[in-house]
Every structure is written in structure tokens, then in C-alpha cells.
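Report on one structure; see the data block that follows.
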Amino acid sequence: MTSSFQAPIGTHDVLAPQSALWEGLVATFAEFAFRFGFTLILTPMFEEIGVFNRGIGEDSEVATKEMYVFQDRGERTYALRPEGTASVVRAFVQHQPTVPYKAWYVTPAFRYERPQAGRYRQHHQLGVEAIGTDDPAMDVEVIALAWRFYQALGLRRVRLLVNSMGHSECRGRYVDVLRGHLDEHRDQLCEEHQATWSHNPLRVLDCKRAPCVAVIADGPLLPDFLCAECSTHFSAVRKGLSDLGIDADVEPRLVRGFDYYTRTTFEFVADALGNAQNAIGGGGRYDSLTEQLGGKRAGGIGFGSGIERLLLAREAEGLTTNLINRTSDLFVVDTTGQDVATVIVDDLRRSGYAVERSFDARSMKSQMKLADRSGATLALLIGPQELEAGQVTIRDLRSDDFAAAQQSVAREDLLPALRERLNK
RNA sequence: GUGGGCGUAGCUCAGUUGGUUAGAGCGCCAGGUUGUGGUCCUGGAGGCCGCGGGUUCGACCCCCGUCGCUCACCCCA
């Protein structure tokens, strides 16, 4: 079929009924964020390119080959947001809200990649940031929010991996030793990293290719290089998680794709997802990002979670129930020209019911069919008889008993009758 | 960026060694007499067979290109 336009590569239109799953997910996350004391933040979808480059690292995979960069008519260079954190931190630096500043967001994120299962050029993230405290209890709170949220989604096969990157000094010491180790084995690295290992040795830890994996396997481990303070911080985070009954596997080779992380880093892996795109969320602490973006020092921690992957993970775990009800309560069938329907539908909606109706003056049979398909519990029938008598016939669409399923009431008695029938 | 698979109705797919008006199921619409859905029956709408070029008397089918979808590597959500 020839169609003149279609959604760009790696992007998707989401229509009902799938979109109802999104509503449920976002609503659930909003509720949890609220419970945990986070307020909503909205920031622009694009920023000056430096906002992203400085934080995530100019030589990171995302910055070098995945960002959507463009110039506007004023020749300013902008980039479409590739992730959620940088914009929030920029807004924090700009507005200086009282600390700790705790914000949640839901946003599209853009990365120019070859699409595949669980990876898109536009994907969507739910996330939080808590800025202005170094307290490990905040790390615990942020991770707990994610964990409790996943539980509420019904996900069971999720593993939490944690690590500590230390602060700049201990990380610096580690990088020196790592660099030495890589230098020793430089010829054994994968092709790409033979050329680039020296520039940013931490990237090699992230490499999935066999040669690099082998070299890293007997290399130095980050947690062994933590200073006393970072080590204490990391212990406090692990203890806090353990106190909450949240199992965390320390993964000493876990480094994440963005350079801004310090101390705590973590990732949530959905084992139900068989493919390589099984990370449903991740995050960490970024204690120097505010300074990198021109502000005063303020420690922060956050996480982001991909909506598409959460939905894939739910599907993979066989979780089919939606988190929010998106079927109508009532369907109004009117064969008298539908002027009555217009008024009754509005009345009912003002009373709080979810009400659907048909258009184009379809036959009764046709309207009943639509009523059935709408999923509504009850149909309200208005034909010439009801119009004449000032009545409405209530028909239970979910009952097999034809006689018991139907009842006619006066228009003024409709609301009480519905309250009884629907129990709401 | 590299590599594999695939593009035929809204969806899932058939389509016989290239042969005339391209099919099915589901979905959609309308009927099955006098106001009733979920089952059943009948009928209907809906396809430049992704696009462009080539081979051929003739192409959905073969060849080339292109665009797109999809999966994997890599990276990540």
C-alpha cells in the first residue's frame, strides 16, 4: 500500500488499545513519584548542545554518534534530548530551587541508532532526579522508588546491579591503574578499543566484545580503589537497600554510558527479556554535574526507565492486565435522532461516568454492536417508546439472562438506578 | 556504522515451473421484515502486489537499484 508519509525510522505511533497501557504506566509512576515526594518538572525537548556534551561526555557513544544535532535559524546549535538528567540539572542550576530538589519527569528521548527490538530513535523515559544532597539515604530512596514501581507493575524477574565509581580522586587512581593494565594488554583488546582505550579507559569496561571482556576479567576493580568516604557512602547505600529488603548485586565492572556518574551507579535488568536490550532502567549519582553546567557544587542522584522496555518486560513476564481502566461504563443507544443522546450523555459524563455513544444515526442493531464492542457494562436505550414515556431502558450487556438484564426507568430516576447497577 | 531476513487488502498470510478479471481468514459496513449486541447465514466496500528501472510476447513471481520494516552485532532505556 502506497502511503505518502509514515512515521520516521525508529519511531512509532501508539494507538489504542496499546496507548492505554502507556496511560496506566505513566499514571502509576506519577503516583509513586508523588508518594516519594517528587514534583513534576517539564523542560524543553532540546537544549544547547553543551548541556548534553559536558555532562554525558564529549567522547561518549551517545554524544559522538547518536545525538540529533541541528542549528536553528539564529544559528544556535541545539541537540534533541538524548536522556533526561542533563536538562533537569541545567534547570536546577538556572532556577536554584531549595534543596534537596526532587523532581520527576516523563519525556521522549532521541538517539540516532539502528532500531531493533527494544531500541528506537525516539523512546520514552520516566525518571526522577534528587539534587542537593550527598546523603546515601537519598540514593536509597531513589533506588527504592524504582524498585517499588517495578513491583507495582507486576514485574518479578528484575535484578538490581550496583557499583560505586567513587569521586574524582579515587576514580582517578583507579583509571591510572586500569590504564596500566590496558596498556599491558593493548594488543589483546578489540579492534575499536585498540585505537581508543587510552582516551577513556572506562569505556573499555563497557565493551561487550570477547577480547575486551577477557582483558577486563583479570583487571583491577573499581570498588577496591574507593577512598574511605566513598567506601563508607557505598556501604551505607547497600545497607539501606538491604534494610528495605531490596536485593542488590554488586557488579564491580558496571560503568554506565555517561561520564557524569560518581559514586553510586545502578542498573535494573529484566531477565525476562531475552535479547541484549534488557536494561529497563538505570541511573546513579552525579556530584559534579552542576558545576560542569556552570553552577555551584550540588550532589545529585537520579534514574531513568524506558517505557517501551517496561512494557516489553511486562509482556515477557506474561502480565497482560492494564494498570488503569479504560473502558466505558455506559453506552447510550438512541434511535430517535440522537438529540436525546447528546443531552443524556453530557449529563452522565458530568456525573462522573465514562460514556460513549454512536454517531451518524446508525440502526439499533448497529448501535448495540458498538455498545458491546465498547466494553461498556450497561447500554442505555432510547427509542420512540422511551422518548414518548420519558424513560430510558437500561440493558446489562454482560448478562446472559435477557429478561433480568433489562429495565426501564424514568429519566429522572436514571442516576440512582445507575448508581445501584454500577455500584459507583 | 556492519550483517541477516522480509515488503501482496486495516491485520495475519496464500498465490501453483512468469500466463489473461490477485485470493483466504480476521476486522469493517449492510442485510437476515415490524426497536436489541455477543453465535450463525448472506452480501458489500477495501489492493497501481513498497517504489523505480530492466529482462520477456507477457512480471506479484526473474534481475538491478532504492525506500521501508524487522532481527543481530555495537551501544543503551
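Each chain gets a letter, A, B and so on, in the order the sequences are listed, and its residues count up from 1.
Remark: P of B/U36 and CE of A/Met368 are 9 Å apart, rounded to the nearest angstrom. With rounding to whole Å, A/Met364 atom CE is found 17 Å from B/G31 atom C1'. Whole-Å rounding puts the A/Glu267 CD to B/C75 C1' distance at 11 Å. Rounded to whole angstrom, the span from the CZ atom of A/Arg121 across to the P atom of B/U70 amounts to 11 Å. Straight-line distance from the CD atom of A/Glu66 to the P atom of B/G1: 12 Å, rounded to whole Å. Here the C1' atom of nucleotide B/G31 and the NZ atom of A/Lys365 are 7 Å apart, to the nearest Å. If you take CZ of A/Arg209 and C1' of B/A72, they are 14 Å apart, rounded to a whole angstrom. Between A/Leu202 atom CG and B/C76 atom P the separation is 12 Å, expressed in whole Å.
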(request) Check the pair A/Glu192, A/Arg209 against salt bridge (Lys or Arg N to Asp or Glu O under 4.0 Å), reporting the backbone distance first and the verdict last. (result) CA-CA 10 Å; A/Glu192 181 186 341; A/Arg209 298 184 191 92; 3.1 Å; yes
(message) Does A/Arg121 form a salt bridge (Lys or Arg N to Asp or Glu O under 4.0 Å) with A/Glu113? I'd like the steps, not just the answer.
(response) CA-CA 6 Å; A/Arg121 289 192 175 176; A/Glu113 307 179 85; over 6 Å; no
(message) Wobble G-U and Watson-Crick pairs count when both distances are under 3.5 Å; given that, what is the 5' to 3' dot-bracket string of RNA chain B, with | for pairing to other strands?
(response) (((((((..((((.....[...)))).(((((.......))))).....(((((..]....))))))))))))....
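Of all heavy-atom pairs spanning A/Leu202 and A/Arg171, the tightest one is CD1-CD, 3.9 Å. Heavy-atom minimum distance, A/Tyr120 versus A/His123: CD1-CB, 4.3 Å.
Taking only side-chain nitrogens and oxygens, A/Gln116 comes nearer than 4.0 Å to OP1 or OP2 of B/C73. Contact check, A/Arg256 against B/A77: a side-chain N or O comes under 4.0 Å of OP1 or OP2. Using a 4.0 Å cut-off, some side-chain N or O of A/Arg373 falls inside it from OP1 or OP2 of B/C28.
Proximity of the aromatic rings of A/Tyr261 and A/Tyr286 is defined here by a centroid distance below 6.0 angstrom, and this criterion is not met. In this structure, A/Phe38 has its ring center no closer than 6.0 Å to that of A/Phe36.
Counting any heavy atom pair closer than 4.0 Å across all strands shown, A/Gly127 reaches no nucleic acid atom. Looking at heavy-atom distances under 4.0 Å, A/Glu113 makes contact with a base. Backbone-only engagement by A/Phe258 is indicated by non-hydrogen atom pairs under 4.0 Å involving sugar-phosphate atoms exclusively.
Side-chain atoms of A/Arg398 lie closest to B/G37 of the nucleotides B/G3, B/G37, B/A77. In the set B/C29, B/G31, B/U36, the nucleotide with an atom closest to the side chain of A/Arg362 is B/C29. Ranking B/C74, B/C71, B/A30 by closeness to the A/Ser366 side chain, first place goes to B/A30. Between B/G68, B/G37, B/A77, one nucleotide has an atom nearer to the side chain of A/Leu397 than all others, and that is B/G37.
Nucleotides B/A72 and B/U66, compared at atom C1', are 23 Å apart to the nearest Å. Separation of the C1' atoms belonging to B/G58 and B/G4 is 34 Å when rounded to the nearest angstrom. B/G18 and B/C62 are spaced 8 Å apart, taking the C1' atom of each and rounding to whole Å. Distance noted for atom C1' between B/U8 and B/C69: 15 Å (whole Å). Across B/C28 and B/G23, the matching P atoms stand 23 Å from one another, rounded to whole Å. The separation of B/U39 from B/A77, taken at their C1' atoms, amounts to 45 Å, rounded to a whole angstrom. For the P atoms, the distance linking B/U36 with B/G31 amounts to 11 Å, nearest Å. Nucleotides B/G32 and B/U16, compared at atom C1', are 38 Å apart to the nearest Å.
For residues 304-327 of chain A, proximity to RNA chain B is found at A/Gly306, A/Arg309, defined as any non-hydrogen atom under 4.0 angstrom from a strand atom.
Side-chain atoms of A/Arg119 come within donor-acceptor range of the base of B/C74, with a qualifying N/O pair under 3.5 Å. For B/U36, the base has a donor-acceptor partner in the side chain of A/Gln406 [N/O atoms by modelled type, under 3.5 angstrom]. Side-chain atoms of A/Gln277 come within donor-acceptor range of the base of B/C75, with a qualifying N/O pair under 3.5 Å. A donor-acceptor contact under 3.5 Å is formed by the side chain of A/Arg111 with the base of B/A77. At a cut-off of 3.5 angstrom, the base of B/G35 holds at least one donor-acceptor pair with the side chain of A/Glu386. Judged by distance alone, with hydrogens and angles left aside, A/Arg395 brings a side-chain donor or acceptor within reach of the base of B/G37, the pair sitting under 3.5 Å. Side chain A/Asp372 to base B/G37: a donor-acceptor pair is found below 3.5 Å.
Few gaps surround CD on A/Gln71; more than 12 heavy atoms of other groups in view lie less than 6.0 Å from it. Environment of CG in A/Asn423: sparse, with no more than 12 heavy atoms of neighbouring residues, nucleotides or ligands closer than 6.0 Å.
Counting only distance, with no hydrogens or angles, the side chain of A/Asn163 and the backbone of A/Pro252 share a donor-acceptor pair below 3.5 Å. At distances below 3.5 Å, at least one donor-acceptor pair connects side-chain atoms of A/Gln277 with backbone N or O atoms of A/Ala117.
Aromatic ring pairs are classed by plane angle as parallel below 30°, tilted from 30° to 60° and perpendicular above 60°; the pair A/Phe268 and A/Trp147 is tilted.
Heavy-atom nearest nucleotides on RNA chain B were determined for A/Lys369 and for A/His123, and the one closer to the 5' end corresponds to A/Lys369. Along RNA chain B, the nucleotide closest to A/His193 and the one closest to A/Pro115 are compared, and the more 5′ of them pairs with A/Pro115.
Partner of A/Tyr68 under the ring-ring contact (aromatic ring centres under 6.0 Å, His included) criterion, chosen from A/Tyr112, A/Phe52, A/Phe46: A/Tyr112. Partner A/Arg411 forms a side chain to side chain contact (heavy atoms under 4.5 Å, CB included) with one of A/Val340, A/Ile382, A/Leu387 and no other, that one being A/Val340.
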